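Structure first, then comments.
So you know, we letter chains A, B, ... as the sequences are listed, proteins then strands, and number each from 1. Bear in mind that the values here come from a model prediction, so they are computed numbers and not experimental data.
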Number of protein chains: 2
Amino acid sequence: MEVCITSLLRDKGFKVTPQRLAIYNMLSSTRSHPNAEMIFNELQAMYPTMSLATVYKTMEILKEIGLVQVLNAGEDSFRYDAVMTNHPHVRCTECGKVEDVYDVNIDAFVNEVSQGTKYQIMGQQFYFHGICPNCQRKNSN
Amino acid sequence: MEVCITSLLRDKGFKVTPQRLAIYNMLSSTRSHPNAEMIFNELQAMYPTMSLATVYKTMEILKEIGLVQVLNAGEDSFRYDAVMTNHPHVRCTECGKVEDVYDVNIDAFVNEVSQGTKYQIMGQQFYFHGICPNCQRKNSN
DNA sequence: TTTTTATAGAAAACAATTATCGAGTAATTT
DNA sequence: AAATTACTCGATAATTGTTTTCTATAAAAA
Ligand SMILES: [Mn+2]
Ligand SMILES: [Mn+2]
Ligand SMILES: [Zn+2]
Ligand SMILES: [Zn+2]
């Protein structure tokens, strides 16, 4: 993993810096689909001088070299995901968390759409919204 | 249609104003999925004094009374749709236009996801991106 | 090393959206 | 119809997420 990002950066002419490694490490070791601010806050303790702009610029690079994908779950900010398989997401409308949707095969659906449209489909994002188990429990009390 | 929005507004305690009717009429007679600025520009000629803030506030109300849905196609601004059926959208990554995806049944897919997750699913949005027929033609020349 | 080049971070700029507020207008009451 | 009330418009300012600019400095190359 470390090797991967290091050589990927270098191969594309980007420098390997502690900030970039820290940001990628943080993102690839969480399932919380954080936005720029969450990443910034998390790294604040360890990298007190890091700025939000660095997070944004790094995400731009990581996206470009194919290490992260950008999510747009109907909020006012973008979220980031280091898992590069194209999987659906679900957002809890009460607590706001965004999680993966597992165990669902999107290929059949994607193929159906690809064949039914004149667009040349390059990708897609599926967002569900609803209430997470936690919030359901809270509500029923 | 006119009747519908008029009575819906009144029933929910909102006043029926020319601006609101104009915005809703414009939106329901286009398939371009405009964002606030596009709506504003389009109405500028007929309503020279209308402000962007009014467009935003009106969209908020129209969303609340269930007459429009808000789209989030991975851009930096929201788009609006007066068609309330839940249908997938596709955005051309070259010219930026957003169109409907027709003739595809999402129910089976939605059901599969609903049953595979512990979330109580309330809704979803499906976005595809690719290249529209026009831009494909341009590219091949 | 030394030299070259890209980057980090502070600060300012930007763009989409939201909030505030006073004057105006529609609905309601008299 | 007139008066009262409550809501709304649009100008302006504020906010928020993101991008740009600039320069000392860290990383890569020589
Ligand atoms: Mn994910
Ligand atoms: Mn549509
Ligand atoms: Zn929740
Ligand atoms: Zn196009």
Between atom [atom1] in [X] and atom [atom2] in [N], what is the gap in whole Å?
{"X": "Asn72(A)", "N": "dT18(D)", "atom1": "CG", "atom2": "C1'", "result": "13 Å"}
{"X": "Leu9(B)", "N": "dA27(C)", "atom1": "CG", "atom2": "P", "result": "11 Å"}
{"X": "Arg79(B)", "N": "dT17(C)", "atom1": "CZ", "atom2": "C1'", "result": "17 Å"}
{"X": "Phe78(B)", "N": "dA15(C)", "atom1": "CZ", "atom2": "C1'", "result": "13 Å"}
{"X": "Glu75(A)", "N": "dT16(D)", "atom1": "CD", "atom2": "P", "result": "16 Å"}
{"X": "Leu21(B)", "N": "dT8(D)", "atom1": "CG", "atom2": "P", "result": "13 Å"}
{"X": "Leu52(B)", "N": "dA13(D)", "atom1": "CG", "atom2": "C1'", "result": "15 Å"}
{"X": "Ile61(B)", "N": "dG10(D)", "atom1": "CD1", "atom2": "C1'", "result": "14 Å"}

Which heavy atom in [X] sits nearest to a heavy atom in [Y], and how many Å separate them?
{"X": "Arg20(B)", "Y": "Lys15(B)", "answer": "NH1-O, 2.8 Å"}
{"X": "Glu94(A)", "Y": "Ile131(A)", "answer": "OE2-CD1, 3.8 Å"}
{"X": "Gln125(A)", "Y": "Gln69(A)", "answer": "NE2-OE1, 4.3 Å"}

Inset, instruction - Treat each ILVMFWY residue as a node, draw an edge where side-chain heavy atoms are under 4.5 Å apart, and state whether Tyr56(B) and Leu9(B) are in one component. - result: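 Cluster IDs for Tyr56(B) and Leu9(B) match.
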Inset, instruction - Take the C1' atoms of the five end pairs on each side of the helix from dT1(C)-dA30(D) to dT30(C)-dA1(D), derive the two axes, and give their angle rounded to 10 degrees. - result: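 Taking the rotation axis at each end, their angle is 30°.
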Do the side chains of [Y] and [X] get nearer than 4.5 Å, heavy atoms only?
{"X": "Val70(A)", "Y": "Met59(A)", "result": "no"}
{"X": "Asn72(A)", "Y": "Phe78(A)", "result": "yes"}
{"X": "Leu71(A)", "Y": "Tyr80(A)", "result": "no"}

Inset, instruction - Look at Tyr56(B) and dT18(C) and indicate whether a side-chain polar atom (N or O) is within less than 4.0 Å of OP1 or OP2. - result: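 Negative; the distance criterion is not met.
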Legend entry - Among dC9(D), dG9(C), dA11(D), the one nearest Ala53(B) by side-chain distance: dA11(D)
Legend entry - Check ion pair Glu60(A)-Lys63(A) (N to O, under 4.0 angstrom):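 Between Lys63(A) and Glu60(A) there is a salt bridge, with a charged N closer than 4.0 Å to a carboxylate O.
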Legend entry - Contact letters for nucleotides 22-30 of chain D, in which S counts primed atoms plus P, OP1 and OP2 and B counts the base, heavy atoms under 4.0 Å: ----BBS--
Legend entry - Full working for side-chain contact (heavy atoms from CB on, under 4.5 Å) between Val90(A) and Ile121(B): CA-CA 8 Å; Val90(A) 55; Ile121(B) 299 295; 3.9 Å; yes
Inset, instruction - Report yes or no: do Gln136(B) and Tyr119(A) form a side-chain donor-acceptor pair below 3.5 Å? - result: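 No - no donor-acceptor pair under 3.5 Å links their side chains.
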Legend entry - Tyr127(A) vs Phe126(B), ring pair (Phe, Tyr, Trp, His ring centres under 6.0 Å): CA-CA, chis, key distance, verdict: CA-CA 6 Å; Tyr127(A) 297 107; Phe126(B) 298 157; 9.4 Å; no
Legend entry - Residues from residues 27-50 of chain B lying under 4.0 Å of DNA chain D - heavy atoms: Thr49(B), Met50(B)
Inset, instruction - Classify the nucleic acid contact of Thr54(B) as base, sugar-phosphate or nothing, counting any heavy atom under 4.0 Å across all strands shown. - result: base
